[in-house]
Amino acid sequence: MIRTRFAPSPTGYLHIGGVRTALFNWLFARKHGGQFLLRIDDTDAQRNVEEALAPILHGFRWLGIDWDEGPEVGGPYAPYYQSQRMDNYRAAAAKLVAAGFAYYDYATTEEIQAEREAAEREKRQFTYSRRWMAETDADRQRFEREGRAAVVRLKMPREGTLVLDDLVRGRVEFDWAREQDHVVQRADGTCLYHLASVVDDFDFQISHVIRAEEHLSNTPRQVFIAQGLGYPRPQYAHLPYVAEPGSRNKLSKRKLDKYLKNADFAKVNEHGQRIAAALGLATSAETFNPVIVDFYEQVGYLPDAIVNYLLLLGWSLDDKTEDFSRSEMIAAFSLDRVNKAPASFDPAKLAAFQERHMQRLPAKQKVAFVLPFLQRAGIVSSPPPCDIGPKLLALVDAAGDRIKVAGDILEYADFLAPADKLEYDEKALEKRIAKPPEAMPLLKKFREVLAATEPFDAPTLDRALHQFVEREQIQIGQIIHAIRVAVTGKAVGFGLFETLALLGRECSLNRIEQTLDRIESPAPSPQPPAAILPPSAAP
RNA sequence: GGCCCCGUCGUCUAGCGGUCUAGGACACCGGCCUUUCACGCCGGCAACACGGGUUCGAGUCCCGUCGGGGUCACCA
């Protein structure tokens, strides 16, 4: 039976690199009909575990990465929190000592540190002298009488070679003599990660340990622990880590300033910030940025797009397949096609996947996806008015590919709740209406046409405008841009006829009138009347 | 510094000795379509880190150099 696990420590957020590791574990288990479980590595920080864990579990659920055993779902080997399994680790430590694979060590940190420094001065590798190792109960008593306290150290072999057959990296060798007598149990009796991890992996019957590359050098000591305890050795697969955009350094949550200098990263971030602002979201860089999964949920990415992108970050099927549904990726995944070199996280490519997935989303689903964003922004009430369905459908239809993430709908809120007063793009207003002499008279005339057009829908409006253009003997460009600016205030937008139909007759007519008024009798504006040029630039 | 890992376009990658004058995707740059924007379509730019071997033949195998990274805690 194939069983894999992902072991987050409760940090309060889900990191994109962590998700990639979890995804590969999940995929591998699903592919082979095995189980994927979540174990919580909270041996160190005990405070607020529940609170710091919630966003992580939420993130996995949102992404559709489900776990068969672990927090909130339980399982036959519960509990799945390391902080609740300390007794097991202590028993294992004792067993290791009894079997001669570990020992009680009474050295103080200072003494160890002194040995380490001496080794460094003499330019030789540090190997603990085991001077304070207790070999007998008499030793222990003697040390304790001196007021010393014991930690448990691994009694690592000092010769020989460990050969590891890693499922991703192939054969890797380590000299045992390079390994240190690592501490597995602290003086206060609590146990450390490596011991805990090995014990749990055995207790949970983990068959494949699939984890990030940074654990590769930790593997010898874990293998040693497992051997000492008489456990079978799980299969190891060390994944390359996820690197920073445009570099080979490991992606970290703390180097945002640096990433922001990357144009693509900055663009994705800025897009997200804009949406967050429209939603009234309080965003701290700590928890709201493109390295944190929550960012994408808040902004309105599709989980499938993220998972699809992450799948290809370090794995590929062949030379062209890029789009995978969940079932396709489960069927296609294999560890031997995992790349060995680190892959840098490219938010621009993630955005491209998002775009494609969004395009494929059926209109009705897109409406359902987008609605909560409108509600959160206070544009649509909750529960929504009963006629919202067709309205939104028309809007989403007119918007087409322009809605790349769900939050983009907020850009078009004006169609759902038309503003009393338009905000104008002044340059567009000038260029399309104020400046061309024919624009205002044409707008006035066309306004009359609009008043009479029946029905007020896109195809009919289209016909009406073309007839108008023919009658007036003008180029369509002379009027169409003017209309757009007059009814939306902006130079860019949906197809014009969809725009008019969406606004409706009354609103369209009002806005044209409003715009004309504005130009004919400009309101006393707080803005200076003309551009102020620096003296040197004056003609 | 020791040990370990890695090294194909800016980025993700295909390539498992000849079919590679190195393929695809994202980004970028042109053009087309078009009432704007977006989409779409067409085209372009752009890589085997370097040096030695092995071989009839090397991006592909071996060695070295260089470069990058990871790890060396009573953190996980």
Side-chain angles (χ1 to χ4, degrees), chain A residues 7-11 41-45 82 105 107-109 112-113 116 120 123-126 149 151-153 164 166 168-170 172-175 177-180 182-188 190-194 196-197 212-220 238 240-241 243 245-250 262-264 267 309 312-323 339-353 355 359 399-404 408 428 432 462 465 469 475-485 488 490-497 499:
Chain A
S9 45
T11 51
D41 281 15
D42 56 350
T43 47
D44 195 40
Q82 291 197 321
D105 182 60
T108 62
T109 0
I112 292 285
Q113 189 54 31
R116 193 170 273 137
E120 202 167 315
K123 295 206 188 305
R124 40 161 250 265
Q125 187 204 308
F126 165 66
V151 299
V152 175
R153 278 186 194 278
L164 205 65
D166 189 278
V168 170
R169 322 209 86 94
V172 182
E173 297 186 12
F174 297 90
D175 281 343
R178 302 275 168 204
E179 297 298 316
Q180 297 298 324
H182 297 281
V183 173
V184 293
Q185 187 179 95
R186 297 184 183 95
D188 67 3
T190 58
C191 293
L192 264 23
Y193 168 76
H194 294 289
S197 185
E213 178 191 345
E214 62 236 51
H215 288 286
L216 185 56
S217 348
N218 297 332
T219 309
H238 287 93
Y241 57 87
S247 120
R248 288 273 110 135
N249 293 13
K250 197 170 114 181
N262 175 290
D264 293 332
K267 205 171 138 199
Y309 169 73
L312 267 356
L313 201 59
W315 180 89
S316 69
L317 177 64
D318 54 30
D319 58 339
K320 41 180 70 77
T321 315
E322 287 220 317
D323 290 331
N339 243 72
K340 290 185 192 167
S344 35
F345 174 60
D346 179 359
K349 189 145 185 175
L350 205 199
F353 273 91
E355 234 180 283
Q359 283 174 0
D401 298 329
R402 276 162 279 235
I403 299 175
K404 298 182 196 298
D408 284 339
R432 297 301 190 184
D462 193 335
L465 181 72
V469 162
Q475 295 294 307
I476 197 164
Q478 291 175 273
I479 177 77
I480 203 158
H481 296 108
I483 302 169
R484 179 190 312 285
V485 175
T488 67
K490 293 184 197 142
V492 300
F494 304 159
L496 180 67
F497 309 111
T499 300

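Convention: sequence-line order gives letters A, B, ...; per-chain numbering from 1.
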For nucleotides 2-5 of chain B, tabulate all protein N/O to nucleotide N/O atom pairs closer than 3.5 Å, reporting atom names and distance.
residue	atom	partner	partner atom	Å
G2(B)	O2'	Arg178(A)	NH1	3.1
C5(B)	O2'	Arg169(A)	NE	3.1
C5(B)	O2'	Arg169(A)	NH2	2.8

**Prompt:** Out of A38(B), C74(B), U35(B), which nucleotide sits closest to the side chain of Lys404(A)?
**Reply:** A38(B)
**Nucleotide nearest Val492(A) (side chain, heavy atoms from C-beta), chosen from U35(B), A76(B), U36(B)** = U36(B)
**Asked** Within this structure, what is the NZ-to-C1' distance between Lys267(A) and C26(B), rounded to whole angstrom?
**Response** 11 Å
**Request:** Identify whether any heavy atom of Glu355(A) sits under 4.0 Å from a base atom; if not, whether one sits that close to sugar-phosphate; answer base, sugar-phosphate or nothing.
**Result:** sugar-phosphate
**Asked** Looking only at atom P, what distance separates C62(B) and A46(B), rounded to whole Å?
**Response** 31 Å
**Prompt:** Going by atom types only, do Thr488(A) and Arg484(A) share a side-chain donor-acceptor pair under 3.5 Å?
**Reply:** no
**Message:** For the base of G70(B) and the side-chain ring of His238(A), does the geometry meet a stacking cutoff of under 5.5 Å between centres and under 30° between planes?
**Reply:** no
**Message:** Applying the Watson-Crick and G-U wobble criteria at under 3.5 Å, what pairs with C37(B)? Answer none if nothing qualifies.
**Reply:** none
**Asked** Which sits closer to the 5' end of RNA chain B, Leu350(A) or Thr108(A), going by the nucleotide each is nearest to?
**Response** Leu350(A)
**Request:** Please work out if Gly400(A) contacts a base, only the sugar-phosphate, or nothing of the nucleic acid, heavy-atom cut-off 4.0 Å.
**Result:** nothing
**Prompt:** Can you tell me if the side-chain N/O atoms of Arg186(A) get under 4.0 Å from OP1 or OP2 in C75(B)?
**Reply:** yes
**Request:** Assign the ring pair Tyr309(A) / Phe345(A) to parallel, tilted or perpendicular, where the plane angle (0 to 90°) is split at 30° and 60°.
**Result:** perpendicular
**Prompt:** With sugar-phosphate meaning primed atoms plus P, OP1 and OP2, does Lys123(A) contact a base, only sugar-phosphate, or nothing at under 4.0 Å between heavy atoms?
**Reply:** nothing
**Message:** Measuring from the side chain of His481(A) (C-beta onward, heavy atoms only), which nucleotide among U35(B), G70(B), C37(B) has the closest atom?
**Reply:** U35(B)
Filtered N/O pairs between nucleotides 12-16 of chain B and protein, under 3.5 Å:
residue	atom	partner	partner atom	Å
C12(B)	OP1	Arg248(A)	NH2	2.7
C12(B)	OP1	Ser344(A)	N	2.9
C12(B)	OP1	Ser344(A)	OG	3.2
C12(B)	O2'	Leu312(A)	O	2.8
C12(B)	O2	Lys349(A)	NZ	3.3
U13(B)	OP1	Gly314(A)	N	2.6
U13(B)	O3'	Ser316(A)	OG	3.1
A14(B)	OP1	Ser316(A)	OG	3.0
A14(B)	OP1	Asn339(A)	OD1	3.4
A14(B)	OP2	Asn339(A)	OD1	3.3
G15(B)	OP1	Arg337(A)	NH1	3.2
G15(B)	OP1	Arg337(A)	NH2	3.4

**Asked** In Watson-Crick or G-U wobble terms, both distances under 3.5 Å, what is the partner of G70(B)?
**Response** C3(B)
**Request:** Just name whichever nucleotide pairs with U11(B), Watson-Crick or G-U, keeping both distances under 3.5 Å, else none.
**Result:** A25(B)
**Asked** How would you label the contact of Ala352(A) with the nucleic acid (heavy atoms, under 4.0 Å): base, sugar-phosphate, or nothing?
**Response** sugar-phosphate
**Request:** Please determine if a side-chain N or O atom of Asn249(A) lies less than 4.0 Å away from the OP1 or OP2 oxygen of G69(B).
**Result:** yes
**Asked** C1' atom, G10(B) versus C45(B): distance in rounded Å?
**Response** 12 Å
**Request:** In whole angstrom, give me the gap between the P atoms of U19(B) and C61(B).
**Result:** 16 Å
**Prompt:** Got a donor-acceptor pair under 3.5 Å from the side chain of His194(A) to the base of A76(B)?
**Reply:** yes
**Request:** Could you tell me whether Arg124(A) contacts a base, only the sugar-phosphate backbone, or nothing, with contacts defined as non-hydrogen atoms closer than 4.0 Å?
**Result:** nothing
**Message:** Looking at C45(B), which nucleotide sits across from it as a Watson-Crick or G-U wobble partner, both distances under 3.5 angstrom, or is there none?
**Reply:** none
**Message:** Taking any heavy-atom pair under 4.0 Å as a contact, classify Phe353(A): base, sugar-phosphate, or nothing.
**Reply:** nothing
**Item:** Distance, C1' atom - from G15(B) to G24(B), rounded to whole angstrom
**Value:** 12 Å
**Message:** Suppose we define a pair by two distances each less than 3.5 Å, Watson-Crick or G-U wobble; what does C20(B) pair with here?
**Reply:** none
**Message:** Any base atoms under 4.0 Å from Glu120(A), or only sugar-phosphate, or nothing? Heavy atoms, all strands.
**Reply:** nothing
**Asked** Once you round it to whole Å, what is the distance between C1' of U71(B) and CZ of Phe126(A)?
**Response** 16 Å
**Asked** Taking the nucleotide of RNA chain B with the closest heavy atom to each, which residue, Asp264(A) or Ser9(A), is nearer the 5' end?
**Response** Asp264(A)
